[in-house]
Amino acid sequence: MSQATQIEQRTTEVISSPEAHTAPPALEVSGISKSFTHRRRETNVLNNVSLKVEQQEFVSIVGPSGCGKSTLFHMIGGLVKPDAGTILMNGKIVTGQRGEISYMPQQPALFPWRTIEDNVLLAGEIKGTLRDGAREEARHWLAKVGLSGFEHAYPHMLSGGMQQRAAFLRALLAPQELMLLDEPFSALDALTRSEMQRWLLELWEENRRSVLFITHNIEEALLLSNRIYVFSGRPGSILHTVDVPFPRPRRDEITDSPEFLKLKRQLSQWMREEQAKNGKQPSK
Amino acid sequence: MRSTWKLIWPPLVAVVFFLTVWQLSVSLFHIESWILPSPADIARESTSNASGLWAHTMATLRLTLIGFPIGTGVGLIVALLLHLLPWAKRAFYPLIILSQNVPSIALGPLLIIWFGFGLLPKIVLITLVCFFPVAVAAMGGLAQSDQVMMNYMKMAGASKWQIFTKLELPSSIPALFSGVKISATYAVMGAVVAEWIGADKGIGYYMLLQKSAYRTDRMFVAIVIIVLLSLVLFAIIALLEKWLVRWKPRRNS
Ligand SMILES: Nc1ncnc2c1ncn2[C@@H]1O[C@H](COP(=O)(O)OP(=O)(O)OP(=O)(O)O)[C@@H](O)[C@H]1O
Ligand SMILES: [Mg+2]
């Protein structure tokens, strides 16, 4: 309820201001590098990564496995300190600061002793922002993602895909504005996946939160994003930045348009090249 | 119902088989009953002497039910304190692990010297015996929460206290219970040993009496009572666990 009014305020702000971009970006990552030392062997995971998520923008990251995408999220969330570089949110330096983002981890990581409803409310509980209507709101959303009847079930009673949807809701209902989603649909079958994509697209176009989204699925990235960053293999750095031109609201049909297919081919080509390069190097 | 029966019958058959072999060998090999009484002898003795045994059983049970909660509680408190104070844990954890090697029961005579013959040395002994399994299991459980969940809590901005109450404590419950179950059986054993060292009632005291009279059958009755006491206590804890940890997936095997 309060979220809706917040979102409205934000929208009017943007419309009324002469230049939409006078507000500082929701997230600005600049010059991030990171190495891990494990058993005296140093692995360079990220190399001079800079990227931006403007207010109410949907931005995706695609890149080969192991290129440091999840590690980047851990740094934005303040869990891991970068060796170099800074992280800004809404113009303020938040490097190493926790509790500023809403997060969906790669593994659902639902708390097994909490019911689905309690799991979904966890982020608000931690921040102390739960209001009277929170439980009803959670139930309303659970029904929307096809989890009605499971409000009081424990996570182990759900399938992998259902757990992922619950973890997604936990991020969606979190009080923080910026959402980091780490491969939210990876455990879903193709059909459910495209259904969830469409659902997320619609939801996002209604609510316009700032989102940073990791995926391996190029079509998914093209369908949802305003911008896509293509990462190189390890050490991860940004190879290409693609601005996705399709107007909103987007409908499923754009996936058949020639322009979409061209972009898709281009991105797949880049990904294949990176994967091939990685394959030739001895792994690690 | 069916599945519980499936779980129960194999050990039941084993027990019946064991008792049959025992009964048969005693009568076949003409073993004197003061060396090894037959199961039938033991059963007969336990019914004929029930009223006297009841008082002794109650005394031991009372001792157990005082010592066990105290020992478990102290173990839990120490584990929580050490977990919340990392420097204290670094200092004391190795000592606790090491001191597990001291047979607490062997301290009984010392405790009598220090605390006399009353209730106190017995309670101290049971506390010591129960303390270690609980403390060690609880500390292990508290330190082993899931890494991904821990990362989630930290990135969501959870305080140390929130991490403790919402993640570490609930995820330590199964480990904690395995410690409490061990300490439950230790508690009965501790009570009996405490009664050996100095008491005027209880199953331990009864065993000493029967030993000097060479009443092997009665000693076996005492052993059966000890086993039953342990089993009942264990079962109560297991039920409590089942109720508290109902969020856990059932093991299917
Ligand atoms: N805490 C850590 N200590 C040591 N190495 C780490 C740590 N975290 C990540 N790494 C290493 O960093 C590299 C990148 O890992 P990361 O999980 O960020 O990859 P990813 O891009 O998310 O891959 P995927 O697409 O498979 O999820 C891996 O080689 C991993 O082993
Ligand atoms: Mg990852």
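Residue numbers begin at 1 in each chain, while the letters A, B, ... track the order of the sequences. Only this structure's heavy atoms are used, side chains among them; waters, hydrogens and symmetry mates stay out.
Interface check for chain A: of the options B:D146, B:I173, B:V148, the most heavy-atom pairs under 4.5 Å are formed by B:V148. Contact tally against chain B (heavy-atom pairs below 4.5 Å) for A:K127, A:E125, A:R114: the top residue is A:E125.
Within 6.0 Å of OH on B:Y93 lie more than 12 heavy atoms contributed by other residues, nucleotides or ligands. Environment of CG in A:D132: sparse, with no more than 12 heavy atoms of neighbouring residues, nucleotides or ligands closer than 6.0 Å. Taking a 6.0 Å sphere around CZ of B:F18, one finds it holds 12 or fewer heavy atoms contributed by other residues, nucleotides or ligands. The environment of OH in B:Y186 is sparse: at most 12 heavy-atom neighbours from other residues, nucleotides or ligands sit within 6.0 Å.
Taking CG of B:N151 as the start and CD of A:Q107 as the end, the distance is 9.5 Å to the nearest 0.5 Å.
When heavy atoms are compared at a cutoff of 4.5 Å, A:P105 approaches chain B solely by way of its side chain, counted from C-beta outward. For B:S159, no part lies near chain A; criterion is any non-hydrogen pair under 4.5 Å.
The shortest distance between side-chain heavy atoms of B:M155 and A:S102 does not fall below 4.5 Å. Residues A:Y154 and B:R246 have side chains in contact (heavy-atom distance under 4.5 Å, counting atoms from C-beta outward). In this structure, the side chains of A:H156 and B:K248 stay at 4.5 Å or more apart for every pair of heavy atoms. At least one side-chain heavy atom of A:F111 sits less than 4.5 Å from a side-chain heavy atom of B:M153. For the pair A:L122 and B:Y152, the minimum side-chain heavy-atom distance is below 4.5 Å.
Scanning residues 83-96 of chain A against chain B with a 4.5 Å non-hydrogen threshold yields no residues.
Screening B:V245, B:L244, B:L167 for a side-chain contact (heavy atoms from CB on, under 4.5 Å) with A:W113, the sole residue that qualifies is B:L167.
Considering all non-hydrogen atoms of both residues, B:M149 and A:P112 come closest at CE-CD, 3.5 Å.
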